[in-house]
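Worksheet: one structure, shown below.
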Amino acid sequence: MKFHICQTLAQVEEAVKQIPEVVAIDTEFVKGNPRTTRLLAIIIADSEQAWYFPWYIADETCIDNHKYWDTIRDIIESRKAIFLQDYNHCDTIILYKHGIDIRDKQVYNLIDMHHLIDENANHSLDTRVKEVFNDPYKEIFWGKYQNYEDAPESEATEYACKDAIYTYRLGVKDLQQVPTDLYQHVKSLGRSLLETELNGLKVNLRLIQETKDSLDTEIQAYLPKLKEEFYEQTEIWELQEWAKEISKRKSNDGRLRVQRPVFNFDSDKQIAWLVYEALKCPALVKTKTGNPSTNSEALLALSESRPALKTLCQYKETKAIYNTFVEGMLTRVENNRIYPHFNVSGTATGRLSHSDPNMGNLPKTGVIRNFFIPDVEMAIIGADYSQLEVVIEANLTNDPNLIRILTEGASKHDITAEGLGIDRNQAKTLNFALQYGAGAGKVGKILGVSKHEAEDIFRRYWELYSGINALKEKVNEEIERTGQITNLAGRTRHFPRPRDKYEMYRQQRQAYNFLIQGVAAECCNRAFYRYGKGLFSVHDEIVAQVPIADAETEKARLIQVMENISKDFNFKYSLKAVAYGPFDCWKKT
DNA sequence: GCCCGGGTCTTGT
DNA sequence: CACTAGACCCGGGCT
């Protein structure tokens, strides 16, 4: 390997002559928000050489330095293809904020490529370099230094140059293995979402603040009520814990300094003690590890005999909304905007994931979604796919009853309720449970019937949807035999050899779900980038902002784009979408 | 005292 | 019973 440290204009001009058309680019920067953090260096590399450009030269104002950076920007922006280890799009965003725009270049992001190759693997450069090249330089570097900028220049440059060279080598390797078409879809989706990551979403700060204040008062009103209702029990807990803590101390002085603890209604452990030890309530619901549960289902079930538990439940609910969606939102506001991150390589199925904040799990009731508002002279519009997973499943299985749902405009819940002679709400729960592979035992729990009856309903359910059942059996066989499965969009999911039959069953459930959910995700993802003006998407919904005057034409175009995805997959039963808006904030319809 | 991972719960599709 | 992000508590390990 050869490292070129380019600190003068003459060195850069020399580099220009040598740097090839296809390169890897790596950036070093101060840890922090990519939109505001400081760039430290840019490294350009091929498989054997790296050229290191320290950014501080840009801060020194002289003619040559302007030329120095103009030259580097021109080199980067004129490359034919660029390999990038771009976790969370940090490099693209930082380069953009420093005047270098690679958003529309032919970029090969190793994170995205490697995720398509092996969705279970760790995609970090650390792990991959250790595995493929057996070079421990990263471990050694981070063992010695906390931050990149702490290292002496010679070590820092060598470290960064190696990163860039390995990025190039791994990029070439990934490019040979990645499913090309699928990668282009992922790249286009990421490019489209990058606009929202850079521009952010406008929020109604006043509404967030008002919501915070009103929930604050609500929570403050709950606490004295809870203290009163459970005075006897919390008193015991506090004294017991106090005594325990005192007995741990060795010196008299230490014992005197122990403060009396306060019962914490936010602690699941303490709530469990209160409900099951102090109040001696029966454990109607268990957690996955077999402990008595403190979730709302358990508390509400017990509240018939202990009405105070309902207050506790309401407190917990309000507190959760307050913490996650109000406080959590406020801490993320910058200049009346929120900048979510979208991860196109975050799930095994191909679904998009969102974070900081997660736009995908905002409560559909209440005021939280209304925090998000359009920019001036714009309006929020959007569209949902109707029964997206049913359409996918009908196309994959040709199941007569699923086809009936689509052609007769019925709902799956009605068909199930009718076919099994059960309540519609129960049918709804049953449909979701069985779609995700629930067994007869689970059916019994949901319907509250005997094991025998449950088995009968389970059998009749799969007679009703015999087409689905047939595909499930085919998938089960394939997973057991090959340990992997590829969906209609060309995405593959891999499973490790199962340790027992229960792990095998779980893999079979995951595999079937992948087949349906994965294709549903690809539909929505493709529609999102083809529409081109979306703000973000949430699994089967696309949210956009458009000029108020264009709202109706944009709604029509959005629906057309979404429904046209049928052609990508040659669907016999077409996708259907329903639009909403124009609105002055995001709302659920 | 701070960090990390596991457990539990809640939210959405 | 599939796929998420994120809140809090709690215990153990490290500085």
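For clarity, every value in this text was computed on a predicted model and none was experimentally measured. Per chain, numbering begins at 1; letters A, B, ... match sequence-line order.
- Proximity note for A:K269 (side chain, C-beta onward) versus C:dC10, C:dC1, B:dT11: the nearest is C:dC10.
- Going from atom NZ of A:K472 over to atom P of C:dC1 covers 11 Å, rounded to whole Å.
- Summarising the geometry, the separation between CD on A:E317 and P on C:dA7 is reported as 18 Å, rounded to the nearest angstrom.
- OP1 or OP2 of B:dT8 sits under 4.0 Å from a side-chain N or O of A:N291.
- Applying the 3.5 Å distance criterion, the base of C:dA2 shares a donor-acceptor pair with the side chain of A:Q517.
- Looking at A:S411, its side chain does come within 3.5 Å of a backbone N or O of A:H413 through a donor-acceptor pair.
- The side chain of A:R493 contributes an N or O atom lying less than 4.0 Å from OP1 or OP2 of C:dC3.
- Taking atom CG on A:L312 and atom C1' on C:dC8, their separation rounds to 15 Å, with Å as the unit.
- Considering only side-chain N and O atoms, A:Q270 lies nowhere under 4.0 angstrom from the phosphate OP1 or OP2 of C:dC9.
- For A:R497 and A:E503, the salt-bridge test fails: no basic side-chain N is under 4.0 Å from an acidic carboxylate O.
- Residue A:S267 places at least one side-chain N or O under 4.0 Å from the OP1 or OP2 atom of C:dC10.
- Checked against B:dG12, C:dC8, C:dC3, the side chain of A:N323 finds its nearest nucleotide in C:dC8.
- Within 4.0 Å of A:N361, counting heavy atoms only, lies at least one base atom of the nucleic acid.
- Within the 4.0 Å cut-off from OP1 or OP2 of B:dT8, not a single side-chain nitrogen or oxygen of A:K316 is found.
- We find that CD of A:E241 is positioned 9 Å from P of C:dG11, with the value rounded to whole Å.
- For DNA chain C, the stems formed by at least three consecutive Watson-Crick or G-U pairs, with both atom-pair distances below 3.5 Å, span B:1-10 with C:5-14.
- When heavy atoms are screened at a 4.0 angstrom cut-off, A:D266 is found touching the sugar-phosphate backbone but no base atom.
- For A:A348, whose side chain is taken as the heavy atoms from C-beta onward, the closest listed nucleotide among C:dT4, B:dC9, C:dC1 is C:dT4.
- Using a 4.5 Å cut-off on side-chain heavy atoms (C-beta onward), A:K319 and A:F265 make no contact.
- OP1 or OP2 of B:dT8 has at least one side-chain nitrogen or oxygen of A:T287 nearer than 4.0 Å.
- Here C:dC1 is the nucleotide among C:dA7, B:dG12, C:dC1 with the atom lying nearest to any side-chain atom of A:K442.
- A straight line from CD1 of A:I321 to P of B:dT11 spans 6 Å, rounded to a whole angstrom.
- Straight-line distance from the OH atom of A:Y276 to the P atom of B:dT8: 12 Å, rounded to whole Å.
- Looking at the side chain of A:D268, the nearest of the listed nucleotides C:dA2, C:dT4, B:dC9 is B:dC9.
- For A:T289, a side-chain nitrogen or oxygen approaches OP1 or OP2 of B:dT8 to under 4.0 Å.
- In this structure, A:S466 and A:N401 have side chains that are not in contact, with every pair of non-hydrogen atoms separated by 4.5 Å or more.
- Distances shorter than 4.0 Å separate none of the side-chain N or O atoms of A:T324 from OP1 or OP2 on B:dT11.
- Applying the 4.0 Å criterion to OP1 and OP2 of B:dC9, one finds that A:T294 has a side-chain N or O inside that range.
- Side-chain proximity of A:K364 to the nucleotides B:dG12, B:dG7, C:dT4 is greatest for B:dG12.
- Separating the CH2 atom of A:W273 from the P atom of C:dC9 is a distance of 18 Å, rounded to the nearest angstrom.
- In this pair, A:Y505 and A:Y502 present their aromatic rings perpendicular. The plane angle is above 60°, beyond the 30 to 60° band.
- Phosphate contact (OP1/OP2 of C:dA2, side-chain N/O of A:R509, threshold under 4.0 Å): present.
- Each of A:T349 and A:D356 lies near DNA chain C, and the nucleotide nearest A:T349 is the one positioned closer to the 5' end.
- In this structure, the nucleotide among C:dC8, C:dC9, B:dT11 sitting nearest to the side chain of A:P363 is B:dT11.
- Counting heavy atoms from C-beta on, the side chains of A:Q435 and A:E393 come closer than 4.5 Å.
- Close to B:dC9, at under 4.0 Å from its OP1 or OP2, lies no side-chain N or O of A:S296.
- A search for side-chain hydrogen bond (donor to acceptor under 3.5 Å, both in side chains) contacts involving A:D568 returns A:R526, A:R530, not counting sequence neighbours.
- Nucleotide C:dA2 holds its C1' atom 12 Å from the NE2 atom of A:H539, rounded to whole Å.
- Distances from the side chain of A:S355 to the nucleotides B:dT13, B:dT10, C:dA5 place C:dA5 closest.
- At least one side-chain heavy atom of A:Q508 sits under 4.5 Å from a side-chain heavy atom of A:E480.
- Not one side-chain nitrogen or oxygen of A:N358 sits closer than 4.0 Å to the OP1 or OP2 atom of B:dT11.
- The aromatic rings of A:F536 and A:F342 sit parallel, their planes meeting at an angle under 30°, below the 60° perpendicular limit.
- Each of C:dT4, C:dC3, B:dT11 was ranked by its minimum atom distance to the side chain of A:F325; first place goes to B:dT11.
- For the pair A:I368 and A:V326, the minimum side-chain heavy-atom distance is below 4.5 Å.
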